[in-house]
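One structure below.
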Amino acid sequence: RLRKWQERIRTKDAGERNLQFALSETDRMASSLAIPRSVREVACVIYRRALDEDLIRGRSIEGVATSTLYAACRMEGIPRSLEEVAAVSRVERKEIGRTYRYVAQELNLEMEPVNPKKYVPRFCSELELSEEVQVKANEIIDTTTEKGLLSGKSPTGYAAAAIYAASLLCNEKKTQREVSDVAQVTEVTIRNRYQEQIEAMGIHE
Amino acid sequence: MTDPKDTINIENVVASTGIGQELDLQSVAMDLEGADYDPEQFPGLVYRTQNPKSAALIFRSGKIVCTGAKSTDDVHESLRIVFDKLRELQIQVNEDPEIVVQNIVTSADLGRNLNLNAIAIGLGLENIEYEPEQFPGLVYRLDEPEVVALLFGSGKLVITGGKKPVDAEHAVDKIVSRLEDLGLLE
DNA sequence: GCTTTAAAAAGTAAAGT
DNA sequence: ACTTTACTTTGCAAAGC
């Protein structure tokens, strides 16, 4: 029983040391993604829960840290895509996605699917588009979603297409290349979603 | 309206069996034309049948996995071919070794588009996995029958994990009634 | 955990014409 | 732009690392 007790202490100490590393990594990634401190704190709370529930075993600390940061951004309504978090993490996108799904399931985070509208303010500001374009893009997303176009589609690609369409309608045109760069999706995806959306909106141009 | 059960199609059947005898895969690989054997990469020898189409994984222990068949009958027919091929190599194989179906993959069509967002929330976020950023299908795990269903926006679905063809029928019935109860089908 | 095999669903991506 | 190829997800067995 003494051995077990010592083992627990050792495990706990190791966990605490790893927690320090995880928190510094979360801070580093959050800084380069310009994620607010309040969201970093949420990420740390989720990481602590994952640690307490022993979900780190068999997974890399950095992978769990990246996943919890990704989850926290979604929970706080300012999502970063897996592409974006993967760009500042040393863990690849596929692993981040798998770890996120595992953690979300085990901790019962009950995450709702990302609403593409959540990406509109940030993408539009990076593209220096006006408030008018944002309003129009949101309108396109709402209307086409009601018509059932969103099922199965990537939120970033969906938002990117709506922003591209809105920029045209508001005479503030951005090229598909410019939008694809900030949204981290290909021009082909923007083209496909754009065609569906303007058709559903009944726009001819 | 067509019953979604009538749209069920078996796409793949995985089964296991064995000839109860150790094999020298190196020599089997030499004598069996079309056999792929790379023990460094994978311990099993791969042998493909053409009619019916399937892939058999043959192991040193004499155990065999058959995959890719479109029906349970095709599994038996494919394995009969594999057994005969082994007999041609002077390997003793019993009359009809026991064949156990391990997994059946089926596809089906509900005939209506689905609002996956509403379904994810309606069926309960704790039971569903829907991450369109990672995969376009919604993952729905059933308890009875114990299978996993992938639902798509088109209304098409994939059911896997079942061991009998009827599992897919029961699963489709349950999915349809659950979606109808939630008013999400139509 | 990974390795290999098969097949479907639909979205996304990349490479070649 | 269009086609082809390929990768994402689910389920399962096999033997071995």
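All chains are named by letter (A, B, ...) in the order of the sequence lines, taking the proteins before the strands, and each is independently numbered beginning at 1.
Here B:Glu131 pairs with A:Arg74 in a salt bridge; the nearest charged N to carboxylate O distance falls below 4.0 Å. Using a 4.0 Å cut-off between charged side-chain N and carboxylate O, B:Arg178 and B:Asp181 make no salt bridge.
Between B:Gly137 and B:Tyr130, the closest heavy-atom pair is O-CD1, 4.0 Å. Of all heavy-atom pairs between A:Cys170 and A:Glu132, the closest is SG-OE2, 3.8 Å.
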Please write out each protein N/O paired with an N/O of nucleotides 1-5 of chain D under 3.5 Å, distance rounded to 0.1 Å.
residue : atom : partner  : partner atom : Å
D:dA1   : OP2  : A:Arg191 : NE           : 3.4

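With a 6.0 Å radius and a threshold of 12 heavy atoms from other residues, nucleotides or ligands, A:Glu199 has its CD atom at or below the threshold.
At a threshold of 4.0 angstrom between heavy atoms, the contacts of A:Val185 are confined to the sugar-phosphate backbone, with no base atom among them. Note on A:Gly152: only backbone sugar-phosphate atoms sit closer than 4.0 angstrom, heavy atoms only; bases stay farther off. Nucleic acid contact class of B:Thr160 (heavy atoms, under 4.0 Å, all strands): base. Using a 4.0 Å heavy-atom criterion, one finds that B:Ser61 contacts the sugar-phosphate atoms exclusively.
Using Watson-Crick or G-U wobble geometry with both donor-acceptor distances under 3.5 Å, D:dA15 finds its partner in C:dT3. A 3.5 Å limit on both hydrogen-bonding distances identifies C:dA15 as the Watson-Crick or G-U partner of D:dT3.
Looking at which nucleotide of DNA chain D each of B:Phe42 and B:Gln134 is closest to, the 5′-most match is held by B:Gln134.
Across D:dA13, C:dT5, C:dT3, the shortest atom-to-atom separation from the side chain of B:Val46 is found for C:dT5.
Annotation: cation-pi pair A:Arg80/A:Tyr70 absent, no NZ/CZ under 6.0 Å from the ring centroid and within 45° of its normal.
Taking every heavy atom of residues 87-123 of chain A and every atom of DNA chain C, pairs under 4.0 Å involve A:Arg98, by number.
Distances shorter than 4.0 Å separate none of the side-chain N or O atoms of A:Arg57 from OP1 or OP2 on C:dG1.
Side chain B:Thr67 to base C:dA6: a donor-acceptor pair is found below 3.5 Å.
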